[in-house]
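In what follows, chains are A, B, ... by sequence order, proteins preceding strands, each numbered from 1. Owing to the predicted nature of the structure, the values given are computational and were not obtained by experimental measurement.
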Amino acid sequence: MTTQQPQLQQRLLTAFRQEATERLGSLRDALASLEQADATPDVLETVYREVHSLKGAARAVNAQQFERLCQKLESLFSALKQHQRGPGQGQITLINQALQRLQRILNSTDEHTTKLVDADDDTLQALCTALEQSCTDPDIQVPVEQAAAPAEVAITAEPGKLRVSSQALDKLWFCAEDLLDTRLESAELASELKQAQADFTCWHRYRYELSAALRVLQPASGSPSDSAVPTFTTTISAAKTNTTITAHASNTEPNSVTAQAQHSLIVFAQWATEFLQQWDYRISQLARMAAQLAMRSTSLETAFRQELQQVLLMPCASLTEGMPAMVQELAEAASKSATLTISGAEYQVDKRILEELRSPLQHLLRNAVDHGIETVQQRKSAGKAGSARLSIDFIQLSSNRFGLRFSDDGRGIDTEAVTAKAIQQGVLTRQQASALSDAERCRLIFRSGLSTSPMLTELSGRGLGLAIVEEKVLRLNGDIEICNQPGQGCSFMLALPVSLSTYRILLVRVAGQLFAIPCQSINRVLRMPATALRSVENRAVLPIAEQSLPLWSLADLLQLTPQHNQKMLQLILVETTECQYLLQVDEILTDQDITLKSLGPQLKRVTCITGVARLGNGQLVPVLNMQDLYKRACRTERPMPVQQSATSAERQKLLVAEDSITSRSLMKSILETAGFQVVTAVDGVDAWQALQQSDFAALISDIEMPGLDGFSLTAKVRSDSRLANLPVVLVTALQSKEDRVRGLEAGANAYILKSSFEQDHLLDILQQLLSQEQEP
Amino acid sequence: MSGTDRSVQAVLQARARKLAVVETQLQDEPELQLVYFELAQETYAVEAHYVVEVLPLQHLTPLPYTPDFVLGIVGVHGHIVSVIDLRSFFDLPRQGLSDLNRIVILRDGQMKFALLTDRAVGSCSVPKQSLQTSQPHLNGVRRDYLLGISTASWAVLDAAKLLSSPQLRVESYV
């Protein structure tokens, strides 16, 4: 019992902290609106009720000073309500102080008791006294406007609605995911049983023959003494086991023993027939039940998931909670004045999307207050109202997408300054910059590392903030548009999905692995013959609609082994706001809706991977980050294999002579990956014949081979007038210096030891030899 | 009480005496609950209260652009859990994956990941005192994450340190 008490206390305290933080947040928002707009009875009523509830909650955890302060606030609001007037400036300051004090108490934790530090002191005393006096003696009176504007912040419980903790919902969601596993398992069980049932059909074939055979034997089985009857010699050829039951009338064993054995067999066969028949029936029943179970769990899982999706919808108001107050605080800190209005906050969106949007929206708010809006003086001289107006509007765009428009009436984005900065930082060249449209110039503010300092007043280095905003929005499968009106303001339109599971991806296979590409960034998919590729500045490009688009192999970008020599290339035209390029994949499978999952706490952010998709069969598939991939591709210095195969007409043909199949295929795959065309020969003689038949760019030969060895082959090549200049690389296990000398004497250009064999080494040497050959 | 009851009692008591052992000083010595597993021919252990679950390694999805010690990800009850190959992190010899591989899921506050193990695992408790905390023969990264060596020469890893290690966390940008 005694141990239960502190635990209960702790739980109560946690609940109180959570509740009080929420209530304080909405109180601050309400106070901000009281301060800015004229007070309405609705807002006053809300505030009064919030304070009252807060007081009650404090009593439950025995936070006496907290309760006392709430009580003073309550009487103040009660007085205001009674006199139908809003709080004066002095009162607002007092209330703000009181709220701050409450927050401090809430944030404090006693080290030993983990209780709230809820001590009485002079400042608290003074605050209480001031609040008390302020009830009877309000300094300035602001009349309450009777026109009832809709209350901005009203936490009123709708009838029939429950408050559920968001963690509980998260857990429920994971249960839904677990249910998927169960569904998959039951489907697998059903298919196993179906297979088992199908396997019984072969038993059906023998059943009748066996029972017929048994009927023939039946009369004899009753009297083992008559075992000598010829019927016993009948061969039951049809029996599955092909057992031949034979009675040896003239054998040495006593007849009765044989007959006994036969009798047992017949009895067993009878029993087994019945037994199998029963099992046949039972398995078919089990298979039927399992199929039903699988079907039921499928529909249950689907329904559960859909219903949960509905439960997870929350009004957008939960996203903007606390933001009006935040804007005010930020503006005050920057010696500016601003108000935030919110519309469409009742629109319902997946809670997980709202949670993800919180930090990007805060970034935008900060950015607007810091850089977007002017000081009161600047605004007045520009002919605007002294206090800047920021607004957040939620708009339904389609059945499954909504828009969040964030606008301010500040100075707008100075596109010239941003462009200049981008050029200065080397993000783009002057030439590229002049080709950009105004909208494209605006988008430069999303480039990470590009400091927005040209537009800002006093803070700098905030370049990363907006880059994070874009990344978050893209991760949610949304997009951002900027509408810039220099001098008049700027607005950001975020278009986002309503539900997390409407993330559509294209499933592709690369080097035997599956990857998902967000459909949002795909323009289209193409199938093109490899010959359509061109090489420009050492990069593969494909002319599409009068445009040369760069092309990369996805396998190469992901550092996987690509498939070779595809005649038809499977291509994806990727189009994002920043880039347009082609990706070559091995196979394009299908497109489907998924729920994007994060990679877990240990993998906070992985280059080129946005998250994970879980397919219907439970398989996890990495979802690619197309922006990262593009940056990565641009940075790749290694020659692309695609680029080599791109110039297939000029692809250099190599001859590999090697008697060991392992070394031969290893070398072949290394060289082909590097973009060479490879012909192999199994020994020196074979190689010599190949050399006679066609032209090669170089010969790579083993030394120890049956028949004609590497040294002799080299010598032969050198003595041939046509082949005299052919670069020859000897690859060998022989370590001795003499061999090396002998090899070079025979005329080899290079000599590589297998023990030190490294593919880069071989490729380097080849590259050297081949370029030397081209130069003279 | 009848005669048969008495004889039954006697038998039971005799058995009880036979099975009885002197109780070791359980109260005085703090025990360490361990989950142990094999890794590169050695036995390692972690404190059991960091272990959430032990599962066979199934349906591993490898991820490009992750360090070598990240083997890939697996789905566990709807969550994504990354699998860490300590052999790579500790520079130990590596071998291929088999059916015997199991993962030990560790969790601490916000952090959660799974450790790959070579072979089946078990759990036991050892007296805390028995842990030898100086390990002159061990070197490298491994030493930094060691709680001590048990009497059975198991390397008891400091799970809390592993879970909070920034070296094991991945956050990479292009």
Side-chain angles (χ1 to χ4, degrees), chain A residues 170-182 184 448-449 464 467 471 510-515 554-560 595-609 611-615 617-625 627-635, chain B residues 46 50 52-53 55-86 88-89 97 103-116 145 159-174:
Chain A
D170 285 341
K171 277 182 194 155
L172 211 55
W173 182 254
F174 286 117
C175 285
E177 299 262 328
D178 222 4
L179 201 59
L180 174 66
D181 280 336
T182 317
L184 294 170
S448 72
L464 208 59
E471 179 158 331
V510 173
Q513 283 186 47
L514 292 183
F515 290 95
L554 184 56
D556 199 44
L557 292 181
L558 298 176
Q559 295 154 338
L560 303 166
T595 305
L596 188 72
K597 299 166 101 47
S598 74
L599 294 166
Q602 187 249 330
L603 301 170
K604 222 173 151 212
R605 192 190 188 283
V606 174
T607 309
C608 297
I609 297 175
V612 188
R614 192 155 188 266
L615 303 186
N617 62 3
Q619 195 182 352
L620 300 179
V621 176
V623 179
L624 299 171
N625 177 335
Q627 259 83 2
D628 269 18
L629 218 50
Y630 179 70
K631 286 184 208 159
R632 189 82 204 184
C634 291
R635 221 174 276 181
Chain B
V46 285
Y50 291 104
V52 187
E53 216 169 349
L55 296 165
L57 176 65
Q58 277 176 333
H59 311 301
L60 178 83
T61 302
L63 287 180
Y65 291 111
T66 45
D68 278 349
F69 64 76
V70 178
L71 201 66
I73 46 170
V74 289
V76 180
H77 310 312
H79 291 263
I80 306 293
V81 179
S82 44
V83 181
I84 287 179
D85 188 353
L86 282 181
S88 173
F89 192 63
L97 298 176
I103 54 170
V104 176
I105 301 177
L106 302 182
R107 161 172 235 157
D108 176 19
Q110 292 296 304
M111 187 48 69
K112 179 178 178 183
F113 53 70
L115 298 180
L116 174 80
Y145 293 97
K161 209 163 173 183
L162 278 172
L163 283 160
S164 62
S165 165
Q167 276 171 283
L168 273 173
R169 231 167 291 168
V170 177
E171 189 171 3
S172 62
Y173 296 85
V174 180

Exercise for review: List the atom of A/Pro622, the atom of B/Pro62, and the distance in Å for their closest heavy-atom pair.
Suggested key: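 Heavy-atom minimum between the residues: CG-O, 4.3 Å.
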**Study point:** B/Tyr145: ring-ring contact (aromatic ring centres under 6.0 Å, His included) partners, not counting sequence neighbours
**Key:**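 Testing B/Tyr145 for ring-ring contact (aromatic ring centres under 6.0 Å, His included), a comparison that skips the adjacent residues, returns B/Phe89.
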Using non-hydrogen atoms and a 4.5 Å limit, figure out which bit of [X] sits close to chain B: side chain, backbone, both or neither.
| X | result |
| --- | --- |
| A/Val612 | side chain |
| A/Gln627 | neither |
| A/Gln602 | both |

Roughly how far apart are [X] [atom1] and [Y] [atom2], rounded to 0.5 Å?
| X | Y | atom1 | atom2 | value |
| --- | --- | --- | --- | --- |
| B/Leu63 | A/Leu558 | CG | CG | 10.5 Å |
| B/Ile80 | A/Leu603 | CD1 | CG | 10.5 Å |
| B/His77 | A/Lys171 | NE2 | NZ | 14.0 Å |

Side chain, backbone, both or neither: which part of [X] has a heavy atom under 4.5 Å from chain A?
| X | result |
| --- | --- |
| B/His79 | both |
| B/Gln110 | backbone |
| B/Val76 | neither |
| B/Ile84 | side chain |

Review point. Would you find a donor on one side and an acceptor on the other, under 3.5 Å apart, between the side chain of A/Lys631 and the backbone of B/Tyr173?
Key: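 Checking the backbone N and O of B/Tyr173 against the side chain of A/Lys631, no donor-acceptor pair under 3.5 Å is found.
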**Study point:** Test item: A/Arg605 side-chain N/O and B/Ser172 main-chain N/O as donor-acceptor pair under 3.5 Å
**Key:**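 At least one qualifying donor-acceptor pair exists.
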Review point. Top residue by heavy-atom pair count (under 4.5 Å) with chain B, among A/Thr607, A/Leu180, A/Leu629, A/Asn625?
Key: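 Max contact count across the listed options: A/Thr607.
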Practice item. Find the one option among A/Gly618, A/Pro601, A/Gly611 whose heavy-atom pairs under 4.5 Å with chain B are most numerous. Key: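 So the answer, after comparing A/Gly618, A/Pro601, A/Gly611, is A/Pro601.
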Review point. Can you check whether B/Ser82 reaches A/Leu599 side chain to side chain, under 4.5 Å on heavy atoms?
Key: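 No; the side chains remain at least 4.5 Å from each other.
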Check your understanding: Can you pull the salt bridge (Lys or Arg N to Asp or Glu O under 4.0 Å) pairs that have at least one residue in residues 61-86 of chain B, sequence neighbours excluded?
Key ->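 Of all non-adjacent pairs touching residues 61-86 of chain B, those that pass salt bridge (Lys or Arg N to Asp or Glu O under 4.0 Å) are B/Asp85-B/Arg87, B/Asp85-B/Arg94.
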